2 protein chains.
Amino acid sequence: MKLISQLSREANIPIGTIRFYEKSGLISGTTKQGVTSNNYVYYDDEVTEKLRFIKMAKAVGFTLAEIRQVIDAWYQKELTKASKMEVLNLKLEQIDTKIGELKAMKKQIARCKYNIENGLSQ
Amino acid sequence: MKLISQLSREANIPIGTIRFYEKSGLISGTTKQGVTSNNYVYYDDEVTEKLRFIKMAKAVGFTLAEIRQVIDAWYQKELTKASKMEVLNLKLEQIDTKIGELKAMKKQIARCKYNIENGLSQ
DNA sequence: CACAAGTATGAAGTATACTATATACTTGTG
DNA sequence: CACAAGTATATAGTATACTTCATACTTGTG
């Protein structure tokens, strides 16, 4: 259990962004029961994992709304087994599509490099 | 050589978005020389290719600024051979990174599916 | 116990990438 | 030649994802 600054260091995500994610419902911490002098929020390792996942998913073009769906399927959130599976399977398909697009881009760029090397226009 | 509505149909991108891309310097059409009655803009197949590339690149999380760099390296734009190569090689690296992230996500989701199937929490 | 550093909250501001609206001109068809 | 459909331009509005700012309270250290 860690406070936000430590979480920020571990996940390498700014505190402001973490707070934004929490407001957006992607992650959530807990206040320590019995403590009344403050309302500091504590986060466990599950949150760190979620943040790492969010970072990867964002890097490959998923929106926070899409990411949230996966996280909800992942970590319970009163959904049926079937609907969780649906979300995850759709996401797997989208991932394969993206991998295909990336491979197509690689080919195009390789061809482009070849043309430049050999002084061919276009 | 086609007008914007045909280009929009071919690339499956809204006219407004194409105009936005043109203003942003990602693509450019040409006015027909000799024609003075209008300022209709014509686009060739190179533009269609560029739009398809933009679409793929956006789908995997590249920004328009990044995409523009690649397009500029691709289609001349007074850059040295060396600087074009630098841009393209960097992009290839980023593509490989993204592929790696997508594969990591696949593994995580597969594990998650397994856990749900077997009624294991987390 | 002063005080720097950490934490919480709300509101406003910014960047990116569109999307819509209004206006005006042009072209093709009956 | 009326008129629907297409085109150009500028401006404003929207959605997403932050980022900054102001304020206020809490905690740990010398």
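Proteins get letters first, then strands, A, B, ... in listed order; numbering begins at 1 in each. Since the structure is predicted, the reported quantities are computational estimates derived from the model, not experimental observations.
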| task | State, without any angle test, whether K58(A) and T63(A) hold a side-chain donor-acceptor pair at a distance under 3.5 Å. | result |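 No, T63(A) and K58(A) have no side-chain donor paired with an acceptor closer than 3.5 Å.
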
| request: Answer with yes or no whether the side chains of S8(A) and S5(A) bring together a donor and an acceptor at under 3.5 Å. | output: no

| note | Result for 5'-nearest mapping on DNA chain D, choosing between N39(B) and Y40(A), is N39(B)

| query | If you find the nucleotide of DNA chain D closest to S37(A) and the one closest to L64(A), which residue's nucleotide is nearer the 5' end? | reply |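 Residue closer to the 5' terminus by nearest nucleotide: L64(A).
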
What is the pairing partner of [N], taking Watson-Crick or G-U wobble pairs with both distances under 3.5 Å in any strand?
N	answer
dG30(C)	dC1(D)
dA17(D)	dT14(C)
dA22(D)	dT9(C)

| said: Taking the minimum atom-to-atom distance to the side chain of T63(A), which one of dT27(C), dA17(D), dT7(C) wins? | reply: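 Closest nucleotide among those given: dA17(D).
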
Round to the nearest Å and state the distance from [X] atom [atom1] to [N] atom [atom2].
X	N	atom1	atom2	answer
Y21(A)	dT16(D)	OH	P	14 Å
I15(A)	dT7(C)	CD1	C1'	8 Å
E22(A)	dA17(D)	CD	P	17 Å
I4(A)	dG6(C)	CD1	C1'	11 Å
Y43(B)	dA8(D)	OH	P	6 Å
F20(B)	dA10(D)	CZ	P	15 Å
R19(B)	dA20(C)	CZ	C1'	13 Å
I18(B)	dA8(D)	CD1	P	11 Å

| request: Select from T36(B) and K23(A) the residue whose nearest nucleotide in DNA chain C is closer to the 5' end of that strand. | output: K23(A)

| Upstream residue (5' side of DNA chain C) when K58(B) and V35(B) are each assigned their closest nucleotide | K58(B)

| message | salt bridge (Lys or Arg N to Asp or Glu O under 4.0 Å), that's the test. Do K106(A) and D96(B) meet it? Break it down for me. | response | CA-CA 9 Å; K106(A) 275 181 87 165; D96(B) 282 330; 2.7 Å; yes

Check whether any side-chain nitrogen or oxygen of [X] sits under 4.0 Å from OP1 or OP2 of [N], and answer yes or no.
X	N	value
T17(A)	dA17(D)	no
S24(A)	dA17(D)	no
N38(B)	dA8(D)	no
S5(B)	dA5(D)	no

| task | Dump the intermediate steps for side-chain contact (heavy atoms from CB on, under 4.5 Å) on M56(B) and F62(B), then the final yes or no. | result | CA-CA 9 Å; M56(B) 275 197 299; F62(B) 287 109; over 6 Å; no

| query | So among K2(A), E22(A), K50(A), which one has a side-chain hydrogen bond (donor to acceptor under 3.5 Å, both in side chains) with Y43(A)? | reply |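 Between Y43(A) and the candidates, side-chain hydrogen bond (donor to acceptor under 3.5 Å, both in side chains) is satisfied uniquely by E22(A).
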
